[in-house]
There are 2 protein chains.
Amino acid sequence: MTADKKTQCLEDLRMRILTQEIAPGSDLDEATLCDRYGMSRTPMREILQRLGGEGYVDLTQNRGAKVASMDLPVLRTFFQTAPMIYANVARLAAENRKAGEVAPLKAIQERFRAATQAGDAAEAALQNHRFHLAMGEMAHNPYLLPSLKRMLIDHTRLSQTFYRPASEDEAARVVTACAHHDAMIEAIERQEPGVIVDLTIAHWNLSRDRLERFVSPDPLPIDVLPMKDREDAV
Amino acid sequence: MTADKKTQCLEDLRMRILTQEIAPGSDLDEATLCDRYGMSRTPMREILQRLGGEGYVDLTQNRGAKVASMDLPVLRTFFQTAPMIYANVARLAAENRKAGEVAPLKAIQERFRAATQAGDAAEAALQNHRFHLAMGEMAHNPYLLPSLKRMLIDHTRLSQTFYRPASEDEAARVVTACAHHDAMIEAIERQEPGVIVDLTIAHWNLSRDRLERFVSPDPLPIDVLPMKDREDAV
DNA sequence: GCAATACAAAATGTATACATTATGTATTCA
DNA sequence: TGAATACATAATGTATACATTTTGTATTGC
């Protein structure tokens, strides 16, 4: 069916961008894509428009679509912002999750585990993406979700390197990350916001160094957003 | 020119939704809009698609566009999330603002002040929207901006009531809000993140009660997201 | 030989005709 | 009379032709 074909195309393009099969900064030619996915320009343009809104691609007037780039100044703010968004989304997921939402999360986690064990970095990164996106949806907060989705795009693109461990220590980190996911599921199931916030911070710290090193060989001193402890405010 | 007409139409629709000239939940008929704005369906559909991505309208397969509704369960998360997003965006704006960005902010603030003094609630809400959006752009953080924009949609729609004061006390609050903006500009200009965070919290608290009362006559006990004071993490 | 301009080719943007899906109404059958 | 189905109508989705804008190339003038 036509609507399904469009959804599939959209999902496929997202996936190819997330795995860097289509590199950051690449030009996306309408005609080529139409040919590849067997549809006319009108629905394809809608898809590109939508990918633009989600932050997967950059659109410029009369100059087509480019896959969103990952330049250093922007990525610096990524490391600044990620823990705040992730921690708060996780907390809300534990608080607001519905009963039927835990099983699908477990299913994703199984696929994630399988991919890490098979050493399939792209698939692991994708399933990790789906895992955190599912958690984001369990938070039931439409205001935070857009930022989470935006972060996960770059996080997933960066994390390819994390799932391609180059040493014993790095391999162990992947195993720990997988265990974190299991513990997160349990914390969500039991609705323990405090637990999942701690887990999320640990999860973030586990991969942060590796990701940063990928961004710049000389690690920058990143001062992450400190949020003052205000009773009246946040 | 054609591109400009599209931009104007997009901006006009945003405005009409923000001022509730088009009510939450309203159906948007393509043909009617095409007629009104003098363009064909193709660019109009792109506009609706874009408004959908931004959270102004909800799109459903084969069933057109509806202006995003403002239901109570969702608005509860609005009050939960707003201070966190606002405070962090403000902090980043003070830290990352560029020199040339302060003047435009001042210009918006003048229009805001004029609208409040003229008692034009819709215009005041719109200029307040533009003010906080401009601050958001000064934060130079593409990850937080989507959530800020999403919040500002509902905030602006709710805030109409705030700028239509029904008592001396409420009128005084509007004056205070205006003074807050002035102080924020100064804090941004001087790059004082601590100051602007305090101001932002005060600014939020000033309008919160009034907005909440508009949402539900019986004010709910809102427990705002507390962010633990972690050295290692956030 | 270099720069600037004019032209051609390719790509993006728009309008419209056609296809498909949803919806409301009327008719038929129990 | 009520429910269900078939049909008509309206609205959304897609394909394509046409318009506009950009960009690369070649030619001309200095």
Side-chain angles (χ1 to χ4, degrees), chain A residues 1-17 20-69 71 142 153, chain B residues 1-17 21-69 71 142 149 153:
Chain A
M1 171 34 72
T2 163
D4 185 47
K5 189 167 72 180
K6 221 164 92 169
T7 309
Q8 260 186 282
C9 166
L10 182 63
E11 193 46 53
D12 188 60
L13 281 173
R14 282 205 200 98
M15 193 203 72
R16 291 170 63 202
I17 292 170
Q20 301 205 31
E21 181 188 325
I22 314 180
S26 307
D27 280 305
L28 292 175
D29 182 56
E30 282 183 10
T32 310
L33 292 173
C34 290
D35 188 41
R36 168 165 189 149
Y37 290 102
M39 62 178 68
S40 71
R41 283 180 57 217
T42 308
M44 181 54 75
R45 281 172 64 85
E46 282 196 7
I47 287 170
L48 290 174
Q49 212 80 14
R50 192 155 158 192
L51 288 173
E54 295 172 357
Y56 282 84
V57 306
D58 288 333
L59 303 169
T60 334
Q61 187 72 245
N62 296 324
R63 219 165 300 177
K66 265 186 184 337
V67 174
S69 64
D71 33 289
I153 294 171
Chain B
M1 171 32 74
T2 163
D4 186 46
K5 190 166 70 179
K6 221 164 93 169
T7 309
Q8 260 185 282
C9 166
L10 182 64
E11 193 45 52
D12 188 61
L13 282 173
R14 282 205 200 98
M15 194 203 72
R16 291 170 64 199
I17 292 171
E21 182 189 325
I22 314 180
S26 307
D27 279 306
L28 293 174
D29 182 55
E30 282 183 12
T32 309
L33 292 173
C34 291
D35 188 41
R36 170 167 189 145
Y37 290 102
M39 61 178 69
S40 71
R41 285 180 56 217
T42 309
M44 182 53 74
R45 282 171 64 85
E46 282 196 5
I47 286 170
L48 291 175
Q49 212 82 14
R50 193 155 157 194
L51 287 172
E54 294 172 357
Y56 282 84
V57 306
D58 287 334
L59 304 169
T60 334
Q61 186 72 246
N62 295 325
R63 219 167 303 178
K66 265 185 183 336
V67 174
S69 65
D71 33 289
K149 285 182 174 173
I153 295 171

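Chain letters run A, B, ... following the sequence lines, proteins first, then strands; residues in each count from 1. What you see is a predicted model; the values in this text were computed from it and never measured.
In the set D:dT14, D:dG13, C:dT14, the nucleotide with an atom closest to the side chain of A:Pro43 is D:dT14. Minimum atom distance to the side chain of B:Lys6 is reached by C:dT14, of the listed D:dT16, D:dT12, C:dT14. Across C:dA15, C:dT12, D:dT12, the shortest atom-to-atom separation from the side chain of B:Asn62 is found for D:dT12.
Atom-to-atom, CE of A:Met44 to P of D:dG13 comes out at 17 Å; the value is rounded to the nearest Å. Whole-Å rounding puts the A:Met39 CE to D:dT16 P distance at 13 Å. A:Arg45 has its CZ atom 17 Å from the P atom of D:dG13, to the nearest Å. Rounding to whole angstrom units, OH of residue B:Tyr37 and C1' of C:dT14 are separated by 19 Å. When the P atom of D:dG13 is taken as reference, atom CG of A:Leu10 falls 14 Å away, rounded to whole Å. We find that CD of A:Glu46 is positioned 11 Å from P of D:dA15, with the value rounded to whole Å. Rounded to an integer number of Å, the gap from CG of A:Leu59 to P of D:dT21 is 19 Å. If you take CG of B:Leu48 and C1' of D:dT12, they are 12 Å apart, rounded to a whole angstrom.
The pair A:Arg50-A:Glu46 fails the salt-bridge criterion, with no side-chain N (NZ, NE, NH1 or NH2) lying under 4.0 Å from an Asp/Glu carboxylate O.
For A:Arg63 against C:dG13, no side-chain N or O and base N or O form a donor-acceptor pair under 3.5 Å.
Atom-to-atom distance recorded for A:Arg41:CZ and B:Thr42:OG1 is 10.0 Å, nearest 0.5 angstrom.
In this structure, A:Ser40 reaches the D:dA15 phosphate: one of its side-chain N or O atoms is under 4.0 Å from OP1 or OP2. Of the side-chain N and O atoms in B:Gln61, none sit less than 4.0 angstrom from OP1 or OP2 of D:dT12. For C:dT12, the OP1/OP2 oxygens have no side-chain nitrogen or oxygen of A:Arg41 closer than 4.0 Å.
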Exercise. Apply side chain to side chain contact (heavy atoms under 4.5 Å, CB included) to A:Leu28 and A:Ile22, showing your working.
Key: CA-CA 9 Å; A:Leu28 292 175; A:Ile22 314 180; 4.1 Å; yes
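Residues from residues 26-35 of chain A placing a heavy atom under 4.0 Å of any atom in DNA chain D do not occur.
Residues B:Val67 and B:Tyr56 form no side-chain contact, since every pair of their non-hydrogen atoms from C-beta on lies 4.5 Å or further apart.
The stretch residues 55-67 of chain A participates, sequence neighbours left out, in these salt bridge (Lys or Arg N to Asp or Glu O under 4.0 Å) pairs: A:Asp27-A:Lys66.
When each of B:Asp12, B:Thr32, B:Ile47 is checked for a side chain to side chain contact (heavy atoms under 4.5 Å, CB included) with B:Tyr37, only B:Asp12 meets the rule.
The two residues B:Gln49 and B:Leu59 come nearest to each other via the heavy atoms CA-CD1, 3.8 Å.
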